Enquirer: 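Provided herewith is a single structure, encoded as structure tokens, for subsequent inquiry.
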Amino acid sequence: MKLLAREFELIERVFARASKRHDVTISIGDDAAITRVPAGYELVTTTDSLVAGTHFEHGADPVSVGHRSLAVNLSDLAAMGAEPCWVSIALHIPALDEAWVEGFAAGFFALAERHNIDLIGGDTVRGWLAVTITAQGIVPEDAAVLRSGAHAGDALYVTGFPGTAAFARIFKDQELSKSFEFPEPRVTEALALRDMASAMIDVSDGLDSDIRQLLRASRLGAALDVQALPVEARLVERLGSLKAAELAMFGGEDYELLFTVPEHLTQKLAAVTSDWSVPVTRLGTLNDAEKLSWILDGAVYTPREQEFRHFA
Ligand code: ADP
Ligand code: MG
């Protein structure tokens, strides 16, 4: 359905902000946006949707929805080793609720501005509440980090504490609620890792699933110690160490980086990451076996608890 004139004014007022980037020729207001990719760089493009009732609860804080819808896309660009630049939004909204749109924009722009990203266009239509964002970034030619680049013998690492976001969502934990509502995409960390990482993926579906994706793409395997998983202390206190580890494996929505580094670069990695506020944990070493095994107390462990599987 066509937007009314006053609704269109609201969209323009909330979303059409002066362009801050010198590489944006035409932004919101024309039929399409025009941007310039610097010589020697490649354009990296990703799209992710958040749908009410699937990816966030009906009635969720619009500031969080605005933040997350951008964060999940920035996380994908980061996992390629790309620097984020430009974003467009397709907003499906049942009614043009001014407070909701303003809350959404507040969450969106707070994150966008921290990473020097311009909103260059979008579309607004009536429908069930859903947000689709297309994000574009740049990477020097041939410098992108793919899922498929790992070699046997490379070390496997993860940033942060997987499982925390799922814990916050499932148990409505106030203290950890930010990890689900306002995940911090690892943009600067990914750029620092780009020259060292042989393969990279972001943890969205769940650590177990995303490790398998990386291993499949690189045609490799790993035997990983369950007890080497970095887990937030609060999860262990509430669930015990094994259930907490399973939540780390299957919870999802962490938006952490999972990456591999050749053994000869692991000291350099330790030096680069030593002053980061986010921890970087070595999970193990990749092998030729083309399968993932979890090891607990020296024996292969098959996680039986499927209750924490990613809900979307
Ligand atoms: P068109 O009919 O050409 O698609 P629209 O009326 O949908 O144009 O949009 C007008 C301008 O506003 C376009 O530049 C479009 O990119 C921008 N726009 C519309 N909705 C949004 C939104 N939710 N976020 C950002 N820009 C938007
Ligand atoms: Mg349109």
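Just so it is clear, the model here is predicted, and its values are computed rather than measured. For reference, positions follow the sequence shown, starting with 1. Just follow the structure's listing: the first ligand is 1, and inside any ligand the first atom is 1.
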Enquirer: Under 6.0 Å from the ring centre and within 45 degrees of the ring axis: does the NZ or CZ of R68 meet both conditions for the six-membered ring of F180?
Expert: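 Pair R68/F180 counts as cation-pi.
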Enquirer: State whether the shortest distance between N or O atoms of D123 and N or O atoms of ligand 1 falls below 3.5 angstrom.
Expert: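 Yes; the residue has a nitrogen or oxygen that sits under 3.5 Å from a nitrogen or oxygen of the ligand.
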Enquirer: Going by the atom numbers of ligand 1, which of them fall below 4.0 Å from some non-hydrogen atom of D31?
Expert: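 Once the distances to D31 are compared, the set is 3 (O).
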Enquirer: Should you measure from each heavy atom of G121, which atoms of ligand 1 turn up under 4.0 Å away?
Expert: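 Taking each heavy atom of G121 in turn, ligand 1 has 16 (O), 24 (N), 25 (C), 26 (N), 27 (C) under 4.0 Å.
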Enquirer: Give the numbers and elements of all ligand 1 atoms closer than 4.0 Å to a heavy atom of L119.
Expert: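 Under 4.0 Å from L119, ligand 1 has these atoms: 25 (C).
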Enquirer: If we only count N/O pairs under 3.5 Å, is I11 in contact with ligand 1?
Expert: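 I11 vs ligand 1: no N/O contact under 3.5 Å.
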Enquirer: Under a 3.5 Å cutoff, is there a donor and acceptor pairing between the side chains of T164 and S179?
Expert: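 Short answer, no.
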Enquirer: Can R13 and E102 be counted as an ion pair, charged N to O under 4.0 angstrom?
Expert: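 A salt bridge is present here (some side-chain N lies under 4.0 Å from a carboxylate O).
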Enquirer: Quick one: ring-ring contact (aromatic ring centres under 6.0 Å, His included) partners of Y157, sequence neighbours excluded?
Expert: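 Applying ring-ring contact (aromatic ring centres under 6.0 Å, His included) to Y157 gives F259.
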Enquirer: F108: which residues meet the ring-ring contact (aromatic ring centres under 6.0 Å, His included) condition with it, sequence neighbours left out?
Expert: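 Residues passing ring-ring contact (aromatic ring centres under 6.0 Å, His included) with F108: none at all.
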Enquirer: Give the numbers and elements of all ligand 1 atoms closer than 4.0 Å to a heavy atom of F8.
Expert: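 Heavy-atom distances to F8 below 4.0 Å select 6 (O), 9 (O), 10 (C).
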Enquirer: Kindly confirm or rule out an N or O of D30 lying under 3.5 angstrom from an N or O of ligand 1.
Expert: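 D30 vs ligand 1: N/O contact under 3.5 Å present.
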Enquirer: Using distance alone, decide if ligand 1 has a nitrogen or oxygen within less than 3.5 Å of any nitrogen or oxygen in G122.
Expert: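 Yes - when backbone and side-chain N and O of G122 are compared with those of ligand 1, one distance drops under 3.5 Å.
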Enquirer: Surrounding CH2 of W276 (heavy atoms of other residues, nucleotides or ligands, distance under 6.0 Å), is the total greater than 12?
Expert: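 Atom CH2 in W276 is crowded, with more than 12 foreign heavy atoms closer than 6.0 Å.
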